[in-house]
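Reckoned from all heavy atoms, side chains included, excluding hydrogens, waters and symmetry mates. Quick note on labels: first sequence line is chain A, next is B, and so on, each numbered from 1.
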Protein chains: 2
Amino acid sequence: MADLAARVRSIPDFPKPGILFRDITPLMADADALDAAVTALAEHARPLEVDYVIAAEARGFLLGPALARELGAGFVLARKPGKLPYDTVSAEYVLEYGVDTLELHTDAIAEGSRVLVHDDLLATGGTARAACELVEKVGGTVVGCSFLIELTPLAGREKLAGYDVHALLTYDEA
Amino acid sequence: MADLAARVRSIPDFPKPGILFRDITPLMADADALDAAVTALAEHARPLEVDYVIAAEARGFLLGPALARELGAGFVLARKPGKLPYDTVSAEYVLEYGVDTLELHTDAIAEGSRVLVHDDLLATGGTARAACELVEKVGGTVVGCSFLIELTPLAGREKLAGYDVHALLTYDEA
């Protein structure tokens with residue numbers, strides 16, 4: 001497998017002082033690393049028999065649909081307020097840098113579906129937790145949470161207690 | 001091929017009166033349609049021998065990386081101001097609903113690379129034109145522009161004159 005960790009660039013003090021930002025743009029730009037990341041995420045998720053992958057804009061859209069396609073699943077969009085044009089349900093979450101809301105179309109998934117929550121990064125877990133809530137509000141079952149990167153000191157797994165959580169890359173420094 | 005047009009939902013007066021919004025969320029959520037859309041976009045782009053696909057957040061991220069992976073290419077992110085953590089170049093564009101700026105990392109692509117510009121929707125062409133400018137500012141060559149949907153009355157092709165423009169689905173009513 002391509003050395004994915006070597007394609008993640010660490011940038012200090014972004015977006016504000018004290019934050020060590022993990023920049024996945026070099027990984028995305030490397031054809032082999034992009035392919036390997038999707039393949040590895042799918043390999044772990046395949047036994048979960050996923051009907052849909054859900055991810056939040058914008059960075060969750062980077063690998064979510066490719067992962068869904070690799071799994072033979074559909075992709076469902078969680079978006080910021082006012083972006084989805086049809087009837088929606090919503091969930092609030094606390095970000096590392098503030099508070100925000102995610103929305104999901106009420107008819108996004110068939111009831112009883114098996115849904116994998118994806119994001120590029122697991123930090124405090126707020127976004128992923130909100131995505132889990134959205135899935136459950138419309139009658140789906142969250143069968144797992146799949147991340148490219150996990151920042152272990154931010155304890156996102158605790159906020160996702162009870163869910164099957166997997167990350168390809170883990171960082172002990174956040 | 002899956003009937004992609006049947007998976008696009010038309011919603012009147014969104015995001016404001018007089019706009020007929022083309023909602024691709026049903027297409028994305030349908031595993032067969034998602035797969036077919038990526039396959040068909042890649043089939044058209046394959047002869048262009050693409051090194052990178054570039055797309056703008058957020059909706060360009062939905063199919064851009066999957067298309068890049070299918071082509072064996074890398075994916076490059078064009079983002080709103082302040083979102084990319086490293087040195088950037090920028091380009092302004094006029095949207096259907098206002099003015100905005102896109103940024104690209106200065107080191108996003110190798111000089112002389114062949115780059116495909118992607119977006120889900122070709123409307124007035126402003127976003128895609130800005131993406132072309134960004135690619136050229138960092139020394140790349142735009143080998144084509146690839147869209148899921150084209151709204152022909154908005155004449156986006158005129159703003160992309162000189163570029164090879166392709167869309168899977170075209171709508172004569174915008």
Side-chain angles (χ1 to χ4, degrees), chain A residues 7 9-15 19 21-39 50-77 79-80 82-86 104-105 107-110 113, chain B residues 7 9-15 19 21-39 50-77 79-80 82-86 104-105 107-110 113:
Chain A
R7 301 287 181 291
R9 173 163 56 182
S10 296
I11 298 186
D13 300 322
F14 185 90
I19 306 274
F21 189 85
R22 307 298 180 167
D23 175 20
I24 67 165
T25 64
L27 185 157
M28 295 296 301
D30 182 311
D32 290 340
L34 171 59
D35 182 58
V38 175
T39 301
V50 168
D51 298 309
Y52 301 97
V53 174
I54 185 173
E57 67 174 305
R59 275 163 35 203
F61 290 0
L62 289 170
L63 294 174
L67 174 57
R69 181 170 181 245
E70 181 71 17
L71 291 170
F75 179 76
V76 181
L77 293 70
R79 297 209 66 180
K80 303 283 172 65
K83 292 288 187 181
L84 288 172
Y86 194 68
L104 175 68
H105 276 151
D107 67 345
I109 64 170
S113 301
Chain B
R7 300 288 182 290
R9 173 163 56 182
S10 296
I11 298 186
D13 300 320
F14 185 89
I19 307 272
F21 189 85
R22 307 298 180 166
D23 175 19
I24 67 166
T25 63
L27 185 157
M28 296 296 300
D30 181 312
D32 291 339
L34 170 59
D35 182 58
V38 175
T39 301
V50 168
D51 298 311
Y52 301 98
V53 174
I54 184 173
E57 68 173 306
R59 277 164 33 202
F61 291 0
L62 288 170
L63 294 173
L67 175 56
R69 180 169 181 246
E70 180 71 17
L71 291 169
F75 179 75
V76 181
L77 293 71
R79 298 210 65 181
K80 302 285 172 64
K83 292 288 187 182
L84 288 171
Y86 194 67
L104 176 67
H105 276 152
D107 67 345
I109 65 171
S113 300

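Options A:Ala29, A:Pro65, A:Ala66 differ in how many heavy-atom pairs under 4.5 Å they form with chain B, and the most are formed by A:Ala29. Among B:Asp51, B:Leu27, B:Ile54, B:Leu84, the residue making the largest number of heavy-atom pairs under 4.5 Å with chain A is B:Leu84. By number of non-hydrogen pairs under 4.5 angstrom with chain A, the leading residue of B:Asp32, B:Leu67, B:Leu71, B:Thr25 is B:Thr25. Ranked by heavy-atom pairs shorter than 4.5 Å toward chain B, the options A:Val53, A:Ile109, A:Ile11 are led by A:Ile11. Note: A:Leu62 leads A:Asp23, A:Leu34, A:Val76, A:Leu62 in heavy-atom pairs under 4.5 Å with chain B. Between chain B and the options A:Gly64, A:Ala31, A:Ala73, A:Gly72, heavy-atom pairs under 4.5 Å are most frequent for A:Ala31. Interface summary for chain B: among A:Asp30, A:Leu63, A:Thr39, the most heavy-atom pairs under 4.5 angstrom belong to A:Thr39.
In this structure, CZ in B:Arg69 is found 8.0 Å from CZ in A:Arg69, a value given to the nearest 0.5 Å. If you take CZ on B:Arg79 and CZ on A:Arg59, they are separated by 6.5 Å, rounding to the nearest 0.5 Å.
For B:Lys83, the part lying near chain A is the backbone, with the side chain staying farther off; criterion is any non-hydrogen pair under 4.5 Å. Contact of B:Ala108 with chain A is made through the backbone alone, with heavy-atom distances under 4.5 Å. With a 4.5 Å cut-off on non-hydrogen atoms, B:Phe75 touches chain A through its backbone and its side chain both.
In this structure, the side-chain contact (heavy atoms from CB on, under 4.5 Å) partners of A:Asp107, at least two apart in sequence or on a different chain, are A:Tyr86, A:His105, B:Arg9.
When all heavy atoms of A:Phe21 and A:Pro15 are compared, the closest pair comes out as CD1-CD, 4.4 Å.
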